[in-house]
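Just below is one structure, and these are the notes that go with it.
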Number of protein chains: 2
Amino acid sequence: MPPLNRSRIVAAAIDLIEREGADAVSMRRIAADLEVGVMSLYNHVPNKSALLDAVSETILSEVEFTDDPAAPWTGRVRMQAQAFRQIAHTHPRSTMVVVSRQLKSAAGMLPVERALSTLREAGFGEQEAVQIFRVFIAYVIGSLLREVGVTPTFAPVHGAIRPGDVDPELFPEIGALAPHLSACDHEAEFDFGLDLLIEAIAGRLAQRTT
Amino acid sequence: MPPLNRSRIVAAAIDLIEREGADAVSMRRIAADLEVGVMSLYNHVPNKSALLDAVSETILSEVEFTDDPAAPWTGRVRMQAQAFRQIAHTHPRSTMVVVSRQLKSAAGMLPVERALSTLREAGFGEQEAVQIFRVFIAYVIGSLLREVGVTPTFAPVHGAIRPGDVDPELFPEIGALAPHLSACDHEAEFDFGLDLLIEAIAGRLAQRTT
DNA sequence: CTCCCGTACGTACGCTGTACGTCTCGACAG
DNA sequence: CTGTCGAGACGTACAGCGTACGTACGGGAG
């Protein structure tokens, strides 16, 4: 058994979250998984909150933000958004942990820097770039949280709508659209909204330069 | 002191969340606020999870979803999204509780029904309406969570970026745009993205009918 | 050798949700 | 009036939580 260290603790935490969900995370549980006393963890991690920050940081730094500065900005922002969505695939149950912690470290800032520089190079003004960035952040995070089931408003996490669940008198549309509400190709839906946003922003840019 | 009942418990829970945050909510704390034994709560509420569901339901049912079926769909969608955002104003610290709980009750379904029927009346197909609905949900929820500070990725909840916080060598854009990143008119930014989405969708609709 | 410090660990405190048993009090049947 | 009964309030108890604190050990420095 190698000596206890910070990265082993973080790895155990991520593993635990993915196996049993973020609610299952406790210092005692992690220590048990590592076959170690609870308080030994505190030699390498100051507290639980910092451990979750480290989890977020680790996952974020694994995302591959490949970027081709020569490509058109529309493709670049699409790639960046899709790269971010990879988190929902590689670490679905950790997604909420990742997005709910503000990281001041390089791992947290790099995606922001990349996105902002892409938008600036595309020709957007300072305030404009920030606004557009925030719109994308909101959409991407909202999509991720729906996909992983944190904000379950009619995304079928576990077979959402059963017949008899809704009264067709009161909610005719929900009843009629139930089959579509129960199925969801997350990737296709994500790309649909993403392209919609990019298209709208490209429209604004074109309209202004003419 | 009126007799204990479910609605007084829910009101106390909401009050506690708004005063001290969702993490401060515990059955003991609520009972203390009501000057009542802890276990008395369980005569009116089956468990804590159901209590939080009731909190979500109560807040959601207070949102005023006024809708004018005669107005153009673009305005109706905008109104509905803005009505939803009211939650972030009336109950900021409860927002995460509201959006993270799937409600099968009327209070939870009504906004969905309204939105879907608006989109259907606008002429969108079944699958299309659901997709567009999901895009709006993602954007609205992402915006709300940023506004109330749950997903704090560079929205200034409490003065985000202090000078010296970022290395201008590594993150030139973040450094240059720091003033804009530190300030945020939530309403204006929300409307900016909302109009962007509506504009893009209207474009698709127009393009198809020609 | 001694000293010292970092690491591992046990114990303990105050907190959590809630299962269970008990007590009290008002309503109603006889 | 009295006996019964049900509902609601409440105390106790248990398992689990984060973590402050004290202790023990093992290896490098002097």
Side-chain angles (χ1 to χ4, degrees), chain A residues 1-59 93-94 96-98 100-103 150 152, chain B residues 1-59 93-94 96-98 100-103 150 152:
Chain A
M1 189 68 61
L4 195 55
N5 59 31
R6 183 182 162 97
S7 68
R8 281 190 63 216
I9 295 175
V10 173
I14 294 176
D15 199 58
L16 179 57
I17 294 175
E18 293 306 323
R19 284 200 328 268
E20 307 192 17
D23 290 346
V25 175
S26 80
M27 301 304 271
R28 284 171 166 82
R29 192 77 170 69
I30 293 170
D33 287 3
L34 290 168
E35 292 176 326
V36 127
V38 193
M39 295 315 290
S40 307
L41 303 177
Y42 286 88
N43 289 318
H44 307 272
V45 163
N47 51 47
K48 187 183 181 181
S49 173
L51 172 55
L52 293 179
D53 279 345
V55 164
S56 173
E57 170 127 3
T58 302
I59 292 176
R93 310 183 80 169
S94 306
M96 187 59 199
V97 175
V98 175
S100 64
R101 315 213 135 238
Q102 180 162 15
L103 299 180
V150 178
Chain B
M1 190 68 61
L4 196 55
N5 60 31
R6 182 182 162 96
S7 69
R8 281 190 62 216
I9 295 175
V10 172
I14 294 177
D15 199 58
L16 179 57
I17 295 176
E18 293 305 323
R19 283 200 329 267
E20 308 192 16
D23 289 347
V25 174
S26 79
M27 300 304 271
R28 283 172 169 83
R29 192 76 169 69
I30 294 170
D33 287 1
L34 290 168
E35 291 178 326
V36 127
V38 193
M39 295 315 290
S40 307
L41 303 176
Y42 286 89
N43 288 319
H44 306 273
V45 162
N47 51 49
K48 186 184 182 181
S49 174
L51 172 56
L52 292 179
D53 278 345
V55 165
S56 172
E57 171 128 2
T58 300
I59 292 176
R93 309 183 81 168
S94 306
M96 187 60 198
V97 174
V98 174
S100 64
R101 314 215 133 236
Q102 180 161 18
L103 298 180
V150 178

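So that the names make sense, note that chain A is the first sequence line, chain B the second, and so on, each numbered from 1.
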TODO: Apply side chain to side chain contact (heavy atoms under 4.5 Å, CB included) to B:Ile9 and B:Val36, showing your working.
DONE: CA-CA 10 Å; B:Ile9 295 175; B:Val36 127; over 6 Å; no
Open item on the list: Just so I know, are the side chains of B:Leu4 and B:Asn43 near enough to count as touching, which here means a heavy-atom distance under 4.5 Å?
Closed with: no
Task: Student check: side-chain heavy atoms of B:Met96 and A:Val150 closer than 4.5 Å - done: yes
Between atom [atom1] in [X] and atom [atom2] in [N], what is the gap in whole Å?
| X | N | atom1 | atom2 | value |
| --- | --- | --- | --- | --- |
| A:Ile9 | C:dT7 | CD1 | P | 11 Å |
| B:Ile30 | C:dT18 | CD1 | P | 11 Å |
| B:Met27 | C:dA19 | CE | P | 10 Å |
| B:Arg29 | C:dT16 | CZ | P | 9 Å |
| B:Tyr42 | D:dG11 | OH | P | 15 Å |
| B:Lys48 | C:dC15 | NZ | C1' | 12 Å |
| A:Arg6 | C:dT7 | CZ | C1' | 17 Å |

Open item on the list: Applying the side chain to side chain contact (heavy atoms under 4.5 Å, CB included) criterion to A:Val55, which one of A:Ile14, A:Val25, A:Val98 satisfies it?
Closed with: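 For A:Val55, the side chain to side chain contact (heavy atoms under 4.5 Å, CB included) test succeeds with only one of A:Ile14, A:Val25, A:Val98, which is A:Ile14.
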- [ ] Establish whether the base of C:dG17 is bridged to the side chain of B:Arg28 by a donor-acceptor pair shorter than 3.5 Å.
- [x] yes
Open item on the list: Give me the atom names and distance for the closest heavy-atom approach of A:Arg8 to A:Pro3.
Closed with: NH1-O, 3.5 Å
Open item on the list: Among A:Gln102, A:Arg101, A:Lys48, exactly one meets side chain to side chain donor-acceptor pair (under 3.5 Å) together with A:Asp53. Which residue is that?
Closed with: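 Filter result, single survivor: A:Arg101.
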Report each atom pair, protein N/O against N/O of nucleotides 5-10 of chain D, whose distance is under 3.5 angstrom.
| unit_1 | atom_1 | unit_2 | atom_2 | d |
| --- | --- | --- | --- | --- |
| D:dA9 | OP2 | B:His44 | NE2 | 2.8 |
| D:dA9 | N7 | B:Asn43 | ND2 | 2.9 |
| D:dC10 | OP2 | B:Gly37 | N | 3.0 |
| D:dC10 | OP2 | B:Ser40 | OG | 3.1 |

